[in-house]
Amino acid sequence: MHVLSFDTETSISDSIHGPSFRDKSNDIYTQIFAAHPKTVEVVHNENGFKRKLATSLYDVDLLIGHNLSFDLCYLISGQDEQFEKFILKGGEQWDTQLAEYLLTGQQHTFSSLAELQFKYLKQKIKSDRISYLYKKRIGADKIVKARNRCKRLFALYEEYCRSDGSTPLLIFKAQYERAKKEGMLELIKMVNAYALTLSYVSCTGICLDLEKVENSLREFNLKHIEYLEQARNILIKNVWTDKRLPPFNINSPDHKSAALFGGTIKVIEKRQVGYYKPKPIYEEIETGIYTKEEFYDAINDNYYTVKKPIIKRQLIGFEESKPKYKNFEIFIDVKGFGIPKSFTYRAKKEGLYATDDAVMKRIATHTKNEDVKTYCELQKKSMMFKKAAKTYCQAFLDRNIDGKLYPHFNTTLTKTGRLSSSEPNLQNVSKRNEFGKILHSMFVAPKGWKCVQIDFSQLEIWVLAWLSDDALLIKHLLDGTDLHIVRLQYYNSDKTYEELYKLCKVDKDPYWDKQRTFAKTVSYQMAYGAMPPKVTESTGLDLEIVKTIFEKEAQTYVDAANFSVKVRESIEKTATYSKAYDIPASEKRGKNGHNVFGNVELLPIFDKDKNVCYNKQSLRRVGYWQSPTGMKFHFLDSGREYKGKLNRSFSFTQPKNYPMQGTAANIQGATTAALLRMLVEKKDKIQMINEVHDSKWFYVREDVLDNCLKHLKTTIENVPKIFLEKFNLEVPFNFPVEIEVGDNFAEMTKYQF
DNA sequence: TACCTTGGCGCC
DNA sequence: AAAAGGCGCCAAGGTA
């Protein structure tokens, strides 16, 4: 196997994109190749490489680098032919940052090359002079152009580059051995292929209907202000009466809490505290007396004297004295509507109560005060419009480049191995509320193309069925049983499943349809590990009913219900002390950060107010569970002070969720990775543009839609084939997908072959 | 000024 | 005794 370490040094634009490929003005100015730690090749081009490779990859099988997607996105967006050939012949990548993230069971996120250099090679970090320049936004373009002027700096730069070339090779070797030993080699290979595919996805971008975005932004902002004004009018009438209060701020938790439950609002008041000392006014008067001053004339080399009048300063009065102000904090009591505290709960800050959606709903349904009811509605509406305007429309306008969005996919961040998306985050664009349609209709297909969305149905449930090997759950999934109705039947035992199915799905009886929605909520909450009291709180279902659902669920799907027990056993069995070097530097900072003591982590101990403290006798433990794909999930314990005694435990809820969420992420990853070569081969017919956990977004050319979708469907659904090839694992069933097609991502219809 | 923490809310 | 998982973004309020 021929491996090659690859790294680039690039310019850094001064736009919001910084050093990213997203900014067209950025380019590669240095390329670093290392096939062997001792033979590092560093090539510069002071005019930029125009995003093209400076070498051929014809004999390379594996590209190695640290945070490779950064470099590869330049080549991909530069349409480099060498690189395309490399992919088509089955070339792979090994990203040392990604590998480290997986090897540490998603503990070490965004590791730096320097951290790994120390971890694996025990080498202290080299001169950070160049990193300093980068931080100051002095990019490789400037350094390379200054190569003749700043010889010493350039020598340092080349040394930095050589190290960036050789270090990943050495780290790769160590990681490879470790991965083999820990049964993670195939997983790391697969996730690297996934990340490589995502590099392609993020380079493709999503087309926006900019006119629609701009119009919606205006409209949403106007509506936000309109509702806000109405809300303010109600408050001014009732509770926001004190003239010293600032205008009611709908984004301020302090204001909202005070208006409903009462409280104090801090106001900075500028008060006059006397006067400044008046400034004297002088007049300058010539006295008629002169002095002689001697000067030296350097050109003629002689001295000369000058006559200078003596001026006297005479006080003629004072300026008007200026008033002196000082800021005072004053606390204004707001009586509020006097809503009972039982509708809400205490926030962390003294005297502050939560005003979130659930609280507001509770108030709105129980209050007899019409003003309160109207206020609740107005507050909600105003906030929703603000959110839609700022978080989505405004962000789309700020982030788009020539009408396209290029989301950033973070592959080395989450605890469970899921992807995260940012700048902008396209994984949380409103879908269910009234903005869902309009926001999604902004994502459009280019002319001649269709929008295609392929979703796994109930992915995490299928994963649970597979991992727990629960015979009944598998049977129910395969024969298409509606699991929500199964749960509905738990507490409506006078009816059969068939009767309930008819009521909900055939007759669409509103009462039973609503009941099914409750059961559905319970289903999701159970999947997240919620316990009966919490479920009661959020669904309004009777505690006894919820308890019944939990009990019957455990009796019905015995193995599925017991699955987390096995995970917990593994955590206990594998538990060791949490090591400082697996915690990224960024998480060691701040009040809520990990508290490291030497090489180990200290146990966070929470008191009843959830304040954290540490003592040097209690070290934190960490245990893990390893999935069939090799994925490791880590679980940290925490302490609790109770009646002077320290109780420490691992979370009960995380083991109920991490394995399913993470394995679902593996399935999403493996199926996306399986598309890579096809996406490169058929880039004029199929383009992948986004992923949202269990769904994949594409553009597909209209004239080849049917064929392409067939191909996509069979590739993605056939998880057993992929898992057998990649992991030598037998998965007993396909994972069904649903396909939707449309002109934009709002108006989609189910695709029938 | 820049950073951190919190509350709130959007998604799966 | 009690326990709803995983994210990112905006805005406010506080602190260094």
Any carboxylate oxygen within less than 4.0 angstrom of a Lys/Arg side-chain nitrogen, looking at A/Asp455 and A/Lys696?
no
Ignoring backbone atoms, test whether A/Ser651 places a side-chain nitrogen or oxygen under 4.0 Å from the OP1 or OP2 oxygen of C/dA3.
no
Classify the angle between the aromatic ring planes of A/Phe735 and A/Trp462 as parallel (below 30°), tilted (30 to 60°) or perpendicular (above 60°).
tilted
Nearest whole angstrom, please: distance from the C1' of C/dA11 to the CG of A/Asp254.
12 Å
pair_partner(C/dA3), Watson-Crick or wobble, both distances < 3.5 Å, evaluates to none
Could you tell me how far B/dC12 sits from C/dA4 if I compare only their P atoms? Round to whole Å.
22 Å
Between CG of A/Asn249 and C1' of C/dA11 the distance, given in whole Å, is 8 Å
Are A/Thr672 and A/Glu691 close enough that a side-chain donor and a side-chain acceptor fall under 3.5 Å?
yes
Could you check how far NE2 of A/His408 sits from C1' of C/dC7, rounded to whole Å?
14 Å
Assign A/Gln654 to base, sugar-phosphate, or nothing according to its heavy-atom contacts below 4.0 angstrom with the strands shown.
sugar-phosphate
Residue pair A/Thr653/A/Asn647 against DNA chain C: nearer the 5' end by closest nucleotide is A/Asn647
Whole angstrom is fine here: how far is it from NE2 in A/His255 over to C1' in C/dA11?
12 Å
Taking any heavy-atom pair under 4.0 Å as a contact, classify A/Ser649: base, sugar-phosphate, or nothing.
nothing
Assign the ring pair A/Phe435 / A/Phe385 to parallel, tilted or perpendicular, where the plane angle (0 to 90°) is split at 30° and 60°.
perpendicular
State whether A/Asp357 and A/Lys380 are salt-bridged, where the test is any N-O pair (Lys NZ or Arg NE/NH1/NH2 against Asp/Glu carboxylate O) under 4.0 Å.
yes
For the residue pair A/Asp356 and A/Tyr345, confirm or rule out a side-chain donor-acceptor distance under 3.5 Å.
yes
Taking 4.0 angstrom as the limit, do A/Lys750 and A/Glu740 come out as a salt bridge?
no
When we call it a touch if two heavy atoms are under 4.0 Å apart, what does A/Leu413 touch: a base, just sugar-phosphate, or nothing?
sugar-phosphate
Note: A/Arg621-A/Glu572 ion pair, threshold 4.0 Å (strictly below):
yes
In numerical order, the residues of residues 543-553 of chain A whose heavy atoms come under 4.0 Å of DNA chain B are none
From CG of A/Asp637 over to P of C/dA2, roughly how many Å is that when rounded to an integer?
21 Å
Would A/Arg244 and A/Glu269 pass as an ion pair if we require N to O under 4.0 Å?
no
Just by protein heavy atoms under 4.0 Å, how would nucleotides 7-12 of chain B read 5' to 3' in B, S and -?
SBBBSB
Ring geometry between A/His255 and A/Phe248 (parallel below 30°, tilted from 30 to 60°, perpendicular above 60°)
tilted
Taking CG from A/Asn657 and C1' from C/dA3, how many angstroms apart are they, rounded to a whole number?
14 Å
Interatomic distance where CZ belongs to A/Phe248 and P belongs to C/dA11 [whole Å]:
16 Å
Contact class for A/Lys656 vs. all strands (heavy atom < 4.0 Å): base, sugar-phosphate, or nothing?
nothing
For A/Tyr658, which contact category applies under a 4.0 Å heavy-atom criterion: base, sugar-phosphate, or nothing?
sugar-phosphate
Rounding to an integer number of Å, can you tell me how far A/Ile16 CD1 sits from C/dC9 C1'?
14 Å
